[in-house]
Engineer: 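Take this structure, written in C-alpha cells, and hold onto it; I'll ask about it next.
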Amino acid sequence: MDCEGLVRTWLKDSFEITLPGCGGGDKIVPSKDDRFGDWQCNDAMGIAKKAGKNPRELATAVIAACPLPSILEKAEVAGPGFINLTLSKSAVAAGIRAMGADCHLSIPQIGAGKKVVIDYSSPNVAKPMHIGHIRSTVIGNAIDRIRRALGYEVIADNHLGDWGTQFGILIMGYRHFLTEAERAALTVELLEMVYVKSYNATKSDPAWLDQCREELVKLQAGDADNLAVWKLFIEISMKEFSRIYQRLGVTFDLYRGESYYQPMLATTVDLLKEKGLATQSEGAWIVDLKEDGLEVAIVRKSDGGFNYTTTDIATVRSRVEEFNPERIIYVTDERQQLHFRQFFHICEKLGLCEKTALQHVWFGLMRLPDATFSTRQGNVIKLETLLDEAAVRARKIVDESHPDWSEADRAKLAEAIGIGAIKYADLSHDPITMIVFTWERALALEGNSGPYLQYANARINSLLDKYRETVGGHPLENTLILSNGAEKQLALWLLQYSTAVQRAGDLCKPNVLADYLYQLSQLYSSFYQSSPVLKAEPAIRDSRICLCALVSQVLRSGLTLLGIPTPERI
RNA sequence: GCGAUUGUAGCUCAAUUGGAUAGAGCAUUGGCCUCCGAAGCCAAAGGUUGUGGGUUCGAUCCCCGCCAGUCGCACCA
C-alpha cells in the first residue's frame, strides 16, 4: 500500500475508534507551510462539531487511539484541531522510489478504457490564423495531451470552418480580383485580400451580391467548377495551418470541417421535427428552450439554409454514432457559451447524452490594452508574426550566451524558447481569465515563464552530464538519503506530480500543471543554490544527483504534457 | 433589461474547491559569479481580497444587496 493510503487508513481507524458511527476522517492534504508538518488532516473540527465534542480534544484522542504508522515521524494537534503529520525522511524516499524510474508511469490511468473527443483550434478556411486562434489551439492541445497521459483514448478533432456563406463571396473575388500569376501561386493572404474586396463590393453593388449568392447556391448544389475552387481554398489553407501546427507541435487525429456534416443537416432537422422539438416561427425553424430558461435556437433559417446550431447537433450525432465517446470537450472562447448551452440542451432532448457528456471549456478573449482585436480595425496580429517575433527575441539572448554555436543550432534553440514562452504565457493562467495582450507579457523570458522552466531543466542536464563523466553510473538508481530540509521539500513536491496532472485533466485547466511545474522549478533552484551536488561527499552527492534526475524527469514529462519543448541545452 | 463571468500588492496572476500569519512573477531597493550554468539565488518593501450585510469554530472561496469591468441575448460562426 502507498504511504498516503496507509495514513488515510490509520486516520480513519483512529476516528472510528474515537467516535463510533460518526464516519472517519480520511482526508489528508499536503500542508501549505512546513511549520504545519508535511501533510495535514482538517476533519476533526467538522466531525467534532457534528458530534458535539471539543475539536482539540477529539484530535488529541484520534492521535492516541491507534499506534502511529511507521512512516510518520510525528502527528500533533495544532490550532483549533488541525492534525499535522510529519513523514519520516525514509518514507518520503520510499515514496519517491515507488514513483518508478519513469514518472510518466506514476500518472494514474483514470481514463483507461474511456474515449473522449476534443474539439479545438478550428480556424476558418481562407483566413490567416491570427492571435485569436492561439488560446483554443494551445489550451486544447494541452488538455488533449494531459488526458492522453491519464489513459484516455483521445480523438483530437479540428472542426474547420470550411463551409458557409463566405464562399460565394470568396469565389467571386477569386475569379475577378486575381491575376493568372496570383492564382498559380495562391496564398491565404491573397484569399483574405480578395475576400475583403468582394465583401465590400456586396455592400455597394446589389448585382454583385446576387452573383455571390448564386455562386454559393451552385457550390452547395455540387457544381464541379465551384467545388474545385472550394477544394483549392481548403488545400491552400491547410498548407498554412499545417506549417503553424508543426511549429506549435500540435497534431490532430481528424480534420473534419463543417462541410463533412453538410449531408446530415436536413435529416437532423427532420429528426427535430419528428420529435416535436422544432417549430416554425417567422419563417424559420426553431427549437424553443424557454423551459430551460434559454433563448430560442434557430435550426433552419427562413431562407432554407442551415446554421451552426444544426451543424453542431449533426456533429454530435455523428460522433456519438461513430465513436460512442464518454465525453466530448469543446474548447472555444467565452462568446459561445449561450450557443453551447442551447445545443447541448437540444442534444439532451434528442437522447444523445445518455452515454456521452458534452462539455464546453471556454476561455476569456484575448484583447489589446485599449481595444479588442478586429479585422475591421486592422489591428489583428497574425499567429505566424507572433511566433516569428518570439523567436527573434529569444535569439538575441541565445546569441549572447552561445556565440560559438552553429547558426542552425542557435535558430533551433531560439524557436524552442520562443514557442515555449508563448505557450507558457497562455497556459499558466486559468483559461477563464481574459488576456490583455502585450508583447512583453506574451514573450517573457524571465521569472514565471516558459524559459525559466526550460532553463532549470537544461541546467540539470549539464549537471547530469558532468556526473556521468566523473562518477558514472545511473543517477536514478542511486540511494536517496534526504539529508536536509530543502531535499525533503523537493522530494515531497515531486510526489505531488501525479495529483497535479490529474487535477489539471479533471478540471481541464492546464494552469494547474503549469503552476505545479513552476513551483517545482523554484524549489529546485533554491536547492541547487544552497546544496552543492558534485562537490558533496559521495553518498550525499549520489543522493542529490538522483533528486536532480527526478526533477528533470518530472519537468520533461510535465512540460511535454503542456506541449512546451524541453531543449537539452540552453 | 435578462443571463454568464470577473474584481486579490503599482502591473500580471496563484491560493490544492471552507483552514492556520493570503503566495509568486514583473517593476522598485539592497546583496550574491575565484565556488556544479546569474535566463539564476537571497533579502526588503508592497494587502481592510471592489463594497455592505449574512451563514460558522474558521470565508478570497458559500448566500443576499450594491458598485465596476468583460461577454452574450433569432436566422455569421
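All chains are named by letter (A, B, ...) in the order of the sequence lines, taking the proteins before the strands, and each is independently numbered beginning at 1. The figures here come from the full heavy-atom set of this structure, side chains too, leaving out hydrogens, waters and symmetry mates.
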Engineer: Is it the case that A20(B) (base atoms only) and N84(A) (side chain only) share a donor and an acceptor within less than 3.5 Å, ignoring hydrogens and angles?
Structural biologist: yes
Engineer: Does any donor-acceptor pair link the side chain of Q454(A) with the base of A39(B) at a separation under 3.5 Å?
Structural biologist: no
Engineer: Tell me if the aromatic rings of F36(A) and F82(A) count as close, with their centers under 6.0 Å from one another.
Structural biologist: no
Engineer: Between W493(A) and Y516(A), does the ring centre distance come in under 6.0 Å?
Structural biologist: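 Yes, the ring centres sit under 6.0 Å apart.
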Engineer: Whole angstroms only, please: what is the CD1-C1' distance between I417(A) and G40(B)?
Structural biologist: 14 Å
Engineer: What distance, rounded to whole Å, do you find between the two C1' atoms, one in C33(B) and one in A15(B)?
Structural biologist: 35 Å
Engineer: Is a donor-acceptor contact shorter than 3.5 angstrom present between the side chain of S462(A) and the base of G37(B)?
Structural biologist: yes
Engineer: Set out, in order, the CA-CA distance, both residues' side-chain angles and the distance that settles side chain to side chain donor-acceptor pair (under 3.5 Å) for Y261(A) and D312(A), then state yes or no.
Structural biologist: CA-CA 9 Å; Y261(A) 305 97; D312(A) 280 339; over 6 Å; no
Engineer: Rounded to whole angstrom units, what separation is found between the NZ atom of K466(A) and the C1' atom of C35(B)?
Structural biologist: 12 Å
Engineer: Under 4.0 Å: is that the gap between some side-chain N or O of S526(A) and OP1 or OP2 of C42(B)?
Structural biologist: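 Looking at the OP1 and OP2 atoms of C42(B), one of them is under 4.0 Å from a side-chain N or O of S526(A).
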Engineer: Would a distance-only check, ignoring hydrogens and angles, find a side-chain to backbone donor-acceptor pair under 3.5 Å from S449(A) to A421(A)?
Structural biologist: no
Engineer: Using the six-membered base ring of A77(B), report whether Y308(A) stacks on it, requiring centroids under 5.5 Å and planes under 30° apart.
Structural biologist: yes
Engineer: Quick check for you: among C11(B), G72(B), G25(B), whose closest atom lies nearest to any side-chain atom of R441(A)?
Structural biologist: C11(B)
Engineer: Of the listed nucleotides (G19(B), G37(B), A14(B)), which one gets closest to any side-chain atom of N42(A)?
Structural biologist: G19(B)
Engineer: Considering Watson-Crick and G-U wobble pairs with both distances under 3.5 Å, what does G1(B) pair with?
Structural biologist: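 Check on G1(B): paired to C73(B), both distances under 3.5 Å.
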Engineer: So if I take every side-chain heavy atom of Y455(A) and compare against G72(B), U17(B), A38(B), which nucleotide ends up nearest?
Structural biologist: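 The answer is A38(B), which lies nearest to the side chain.
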Engineer: If you measure from the C1' atom in A59(B) to the same atom in A20(B), how many Å do you get, rounded?
Structural biologist: 13 Å
Engineer: Could one point to a donor on the side chain of R35(A) or the base of U21(B) with an acceptor on the other under 3.5 Å away?
Structural biologist: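 Indeed there is one.
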Engineer: Can you check whether F36(A) stacks with the A20(B) base, using ring centres under 5.5 Å and planes within 30°?
Structural biologist: yes
Engineer: Which nucleotide in the list U17(B), A14(B), A74(B) gets nearest to the side chain of L507(A)?
Structural biologist: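 Between U17(B), A14(B), A74(B), the one nearest the side chain of L507(A) would be U17(B).
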Engineer: Roughly how far apart, to the nearest Å, are A45(B) and G25(B) at atom C1'?
Structural biologist: 16 Å
Engineer: Is there a donor N/O on one and an acceptor N/O on the other, under 3.5 Å, for the side chain of S449(A) and the base of A39(B)?
Structural biologist: no
Engineer: Has R367(A) got a side-chain N or O lying under 4.0 Å from the OP1 or OP2 atom of C71(B)?
Structural biologist: yes
